[in-house]
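Read the structure below first, then the notes.
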Amino acid sequence: MKAVMLMFDTLTRNHLAPYGGDAITPNFTRLATESAQFDRFYVGSMPCMPARRELHTGRYNFLHRSWGPMEPFDFSTFQALSQAGVHTHLVTDHKHYWRDGGATYHTRYSTFEFIRGQEGDCWKGRVEKPAIQWKGAEDAETLRRRSGRMTQDLINRAAMPTQEEHYTHRTIQEGMAFLDANHQQDNWFLQIECFDPHEPFFVPDKYLAQYGCRAEEFDGWVPYYCGAPGGSEDEKVRKFYQALITMCDDYLGQIMDKLKALNLWDDTLFIVCTDHGFLLGEHQWWGKNIMPVYNEIANTPFFIRDPRSGVQGVKRQALAQTVDIPATLLDYFDLPRPPTMTGRPLTQAIVDDSPVRDYALFGYFGGHINITDGDYVYMRCPREEGKTHLYEYTLMPTRIDSMFNVKELTDIRIHSGFTFTQGAQVMQIPATFGYLNPWRFGDKLFDLRADPGQLTPRQDPSRTRHYAQAMRDMMNTQDAPPELYTRFELDTLSDSRERAFAERWARLTLAEGDALHCEHLGVEEALRFVLRAAERQGCRQQMRERLDASAVVTEQDIYLLINTCLTGDCHKATLYQARLLLRTA
């Protein structure tokens, strides 16, 4: 038995031709005619490493912890394959595998190959740093945090002057080298994982030319933001992204051709997938992580060709998720699923579109809990603002590129563990990160059949109650921490409690003693932030006097206050953050 999984990062399906997109993707079209295309495939946990933990364990990550490594108690599908005599090989340029929060993933494979240079990877050493040209609206501190990666990215790009040196090219070539060396062998699994089309969009000229673009027109970095890069540049950014997708499509075609040339096409399981999508101006947002998880991010492309069934050229409507991929691999190699795995094999769904699951949960740790049945998406926000009733459960206290700091580790409690920790106790650590605030977006319910673009949230209390109940039932099967039921008021569902929350959420008065009323929750949150900034600059009273207690504070008032009362970097920093806070959609 042989299997290949080609994984791209941040591949948004609505740009791909088989899903109705207008990017140049002839090989994705060819793949769709020779495989099963799933139309209702959803993420589980996001972003990068939370999704990859699901690829190993076959269970959700986001209910129990944020970004982190594989835990000592975690089941790894790829390690299980190796132990059963299936050689597993990983080829990737995804730098997060070699950072603090991902350092235990690649070692679960029999062998692995790391391609250097992506997204500011600490690769080429250069003492004298090049100057970056950045036109973002960030304050100096925010820019300082980002500029290190951007500077290193420029250094790395200088080491890749041609497409042959490009990290995606090298990743694909190493994957095909494994195929050349092992195509006559049996019992192996190859994971070729490309970080592209993740930003920064570093695109060889021949693909940019297909979209009328030149490399010097855009540096490839997209801020996770609202209303940015802005104006006439928006379409240019989208073209760069689509050019990168066209490059990925080109390499997909090369992998397909290689499998056919080596007579592997008809007896090798072939999966093409991604971890999540990306917003490029849809819903007035750019990026991911900080906004609600719209379908551009959550509903991902998925293709699978199973040689046992020979099914090809079909579209499947069965609801499936990332957690189902490892279950499918174990089924293909005839290995049992462990009790901790909640994902399910897609084998029969490929054959005849048999249902895989009734509902799918998805989200970020600390964000909304989202649920879908493929027809509706319901996003439920916490019932209180802030990080109340939110803990990380881990024995590996690291995150994306750092360990937890000592201050975070001074309030640890030892927790008895969960069903999937296999008897191991874990640390319960109060959550401290600050980039997510799902409270200000409230609950959202979308009818995907009538409103596939998720443009108009529905008000339907009975249907909302139905999905909240389904959410609670699914969380029970995942052994979710008990405090989450309190955080989201799922412990006791009732119409009266739902109405009380809706009224509480809609009450727009500041909690700092200022008798002011705001246009919406985003304005309220922004005003709090602006008043605190004014206090630090010694002009809070001046700002407060400009507000009419009898009037409703609007978005325009927020900008007026910032522009007339604040100066210097405080003005720029406050303006940058206020733009984010004002977004509630």
Side-chain angles (χ1 to χ4, degrees), residues 47 66 132 134-150 199 221-231 233-234 279 281 283-293 364 366-368 381-382 384-387 390 400 431-442 508-512 514 516 518-544 546-547 553-585:
S66 60
I132 59 173
W134 181 242
K135 299 178 182 178
E138 293 92 334
D139 57 283
E141 175 57 24
T142 303
L143 179 59
R144 184 194 64 78
R145 293 196 304 268
R146 294 179 178 174
S147 61
R149 283 187 302 155
M150 298 168 67
E199 79 283 355
W221 287 93
V222 182
Y224 291 9
Y225 201 52
C226 56
E233 297 301 314
D234 288 1
L279 289 167
H283 312 281
Q284 299 180 48
W285 282 107
W286 292 78
K288 58 182 188 291
N289 295 348
I290 60 175
M291 68 291 291
V293 189
Y364 302 107
H368 285 86
C381 77
E384 297 293 342
E385 194 171 9
K387 292 185 270 299
L390 186 61
I400 180 170
T432 58
F433 66 89
Y435 67 88
L436 273 174
N437 183 8
W439 157 265
R440 64 186 164 104
F441 299 109
L508 305 178
T509 54
L510 288 175
E512 295 186 351
D514 288 293
L516 297 167
C518 300
E519 184 178 22
H520 56 73
L521 282 173
V523 173
E524 179 179 332
E525 190 175 11
L527 182 54
R528 287 182 191 152
F529 183 82
V530 169
L531 288 171
R532 287 195 295 270
E535 187 168 6
R536 289 192 298 271
Q537 204 166 46
C539 61
R540 180 186 174 107
Q541 185 59 35
Q542 172 195 353
M543 184 175 287
R544 185 63 184 82
R546 289 178 175 272
L547 294 168
V553 182
T554 67
E555 293 190 17
Q556 289 71 27
D557 292 327
I558 297 296
Y559 291 122
L560 184 62
L561 290 171
I562 295 171
N563 290 329
T564 57
C565 298
L566 302 178
T567 59
D569 198 56
C570 179
H571 169 268
K572 193 172 184 179
T574 307
L575 186 63
Y576 172 73
Q577 292 296 335
R579 289 184 68 191
L580 290 173
L581 297 174
L582 287 169
R583 293 285 292 128
T584 59

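Counting from 1, the numbers follow the sequence of the chain as shown.
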> Run the side chain to side chain contact (heavy atoms under 4.5 Å, CB included) check on V523 and T554 step by step: do they pass?
Replying inline: CA-CA 7 Å; V523 173; T554 67; 5.8 Å; no
> Do the side chains of L575 and K572 get nearer than 4.5 Å, heavy atoms only?
Replying inline: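 When only atoms from C-beta onward are counted, L575 and K572 do not touch, as no gap falls below 4.5 Å.
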> Side chains of E555 and H520: closer than 4.5 Å at any heavy-atom pair?
Replying inline: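 Sidechains of H520 and E555: in contact.
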Of the non-hydrogen atoms in [X] and [Y], which two are nearest, and what is the gap between them?
{"X": "P47", "Y": "K288", "answer": "CB-CE, 3.8 Å"}
{"X": "R540", "Y": "L531", "answer": "NH1-CB, 3.5 Å"}
{"X": "R149", "Y": "W221", "answer": "O-CZ2, 3.9 Å"}
{"X": "L582", "Y": "G522", "answer": "CD2-O, 3.9 Å"}
{"X": "E524", "Y": "C518", "answer": "CA-SG, 3.6 Å"}
{"X": "G442", "Y": "H368", "answer": "O-NE2, 2.8 Å"}

Just verifying a value: how many Å separate [X] [atom1] and [Y] [atom2], rounded to the nearest 0.5 Å?
{"X": "L580", "Y": "N437", "atom1": "CG", "atom2": "CG", "result": "11.5 Å"}
{"X": "T574", "Y": "D569", "atom1": "OG1", "atom2": "CG", "result": "9.0 Å"}
{"X": "E525", "Y": "L581", "atom1": "CD", "atom2": "CG", "result": "4.5 Å"}

> Does R536 have any salt bridge (charged side-chain N to carboxylate O under 4.0 Å, His left out) partners at least two apart in sequence or in another chain, and if so, which?
Replying inline: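 Salt bridge (charged side-chain N to carboxylate O under 4.0 Å, His left out) list for R536, sorted by chain: empty.
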>> Holding to side chain to side chain donor-acceptor pair (under 3.5 Å), I want the full list of residues that pass it with E384, two or more places apart in sequence or in another chain.
In response: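 None.
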> Where do D557 and E519 land on the side chain to side chain contact (heavy atoms under 4.5 Å, CB included) test, with the steps shown first?
Replying inline: CA-CA 10 Å; D557 292 327; E519 184 178 22; over 6 Å; no
> Do L561 and L527 pass the side chain to side chain contact (heavy atoms under 4.5 Å, CB included) test, and can you show the C-alpha distance, the side-chain angles, and the key distance before you say yes or no?
Replying inline: CA-CA 9 Å; L561 290 171; L527 182 54; 3.9 Å; yes
> With under 30° as parallel and over 60° as perpendicular, where do the rings of W285 and F441 fit, or are they tilted in between?
Replying inline: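 Perpendicular: the ring planes of W285 and F441 meet at over 60°.
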>> Is there a side chain to side chain contact (heavy atoms under 4.5 Å, CB included) between Q284 and R583? Walk through the geometry before answering.
In response: CA-CA 9 Å; Q284 299 180 48; R583 293 285 292 128; 3.4 Å; yes
